[in-house]
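Everything on this sheet refers to the single structure shown next.
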Amino acid sequence: MRKGRILSGMRPTAGRLHLGNYHGALENWVRLQDEYECFFMIADWHALSTMYQDTARLRENVRELAIDYLSAGLDPEKCVIFVQSHVKEHAELHLLFSMLVPLGWLERVPTYKEQLRELEEREIATYGFLGYPVLQAADITIYKADLVPVGKDQESHIELTREIVRRFNALYGPVFPEPQALFTEARALPGIDGRKMSKSYENFIAMAAGEDEIRQRVQAMVTDPARIRKSDPGHPEVCTVYAFHRVYSPEGLLEIEEACRGGRVGCVECKRSLAARLAAALAPIRARRAEWEASPRLVDEVLAAGAERARAVARATMEEVRAAIGI
Ligand code: TRP
Ligand code: SF4
């Protein structure tokens, strides 16, 4: 029996990834690569759907994202890492799907109207932006993926993919399996200001942050505002530092909580211990990044080999697709 197949991807829009991206996706992908046949994509065409006017850094962002994937622990021996635009078959399947997707299905996707409003200044009332979920459906189905690990925000896109698969199979015969979303339980890791960690809020900690950067970011974290003196009883449940300790200090957690509530530890000390934990946890990621950065040729080779393996699967699917349609 073949192992279940997985496809997922990220857009190369934001430069280096942060801990929200790591715990929200990559950490999980690293686990999945041992259990499934995995394809992890860098969705550069998708980035164009909102950034077509601003492509100066696109290539650089693709590389940075590849290095982040590798630094997080994706292993090119265990999974296929590739760039979407290197596998042109995605574009062909996108075109064929676009013939059978009713406009209403796309206009109903909740992220569509939302983003149109939010990103108004980027002039994305375009054909490509409306059709972006169709491209995502092609990304998934061209590998006949069974599972798609994504955040809840992508739910409607996976549902649309399933509808497209059903319509295609009903029209032309059973070619595609219906993929399922595998929702990642994002660990509750806020940004340093307590809001959701996000590139645009400037409240993130980079996945490959060095020790100084970690220390600065942790020092800037908001704590329980009711604590002024060390002896004031604290409320860890409202504290950002504590939210990080939950993830990075699981074994000492009870002690931290009790010392905070009992006014026996100061926030400065509590932050110092978190910074040490974080630095230790992120050290392997940073070390891998340094290695890949030192060998840019190897990164190119990983992406070339990944494209080759992805293409072989995509080509075989397209043969079936063309035969089924009769083209
Ligand atoms: N749309 C996804 C995002 O914005 C990225 C993506 C593109 C993707 N193609 C995909 C995710 C296929 C899963 C499967 O995050
Ligand atoms: Fe937060 Fe630690 Fe200060 Fe308590 S002692 S408020 S957990 S930083």
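Whatever order the structure lists them in is the order used to number ligands and atoms, beginning at 1. Please read all numbers here as calculations on a predicted model, not as lab measurements.
Aromatic rings of H23 and F204 (six-membered ring for Trp) have centroids beyond the 6.0 Å cut-off, not under it.
The single protein non-hydrogen atom nearest to atom 5 (S) of ligand 2 is R227 NH1, 2.9 Å, given as residue, atom name and distance.
Between Y132 and F129, the angle of the ring planes goes over 60°, which puts this pair in the perpendicular group of the 30/60° scheme.
Between C38 and V80 the shortest side-chain heavy-atom distance does not fall below 4.5 Å. Contact of the K196 side chain with the P190 side chain is not registered, since no non-hydrogen atoms from C-beta on lie closer than 4.5 Å. Between E257 and R261 the shortest side-chain heavy-atom distance falls below 4.5 Å. Inter-residue side-chain proximity for R63 and P296 is flagged as met; some heavy-atom pair is nearer than 4.5 Å.
Around ligand 1, the residues contributing at least one heavy atom under 4.0 Å from the ligand are L7, S8, G9, R11, M41, A43, H46, Y132, Q136, D139, I140, V148, V150, Q154.
When atom types are taken as modelled, the side chain of D44 and the backbone of S85 share a donor-acceptor pair closer than 3.5 angstrom.
Between the side chains of D146 and Q180, no donor-acceptor pair of N or O atoms lies under 3.5 Å.
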Worksheet item: Stepwise, does the side chain to side chain contact (heavy atoms under 4.5 Å, CB included) test hold for F40 with L26?
Response: CA-CA 10 Å; F40 295 119; L26 278 174; over 6 Å; no
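For atom 2 (Fe) of ligand 2, protein N, O or S atoms closer than 2.8 Å were enumerated as C270 SG, with waters left out.
No more than 12 heavy atoms of other residues, nucleotides or ligands lie within 6.0 Å of CD in E120, so this atom counts as exposed by the packing criterion.
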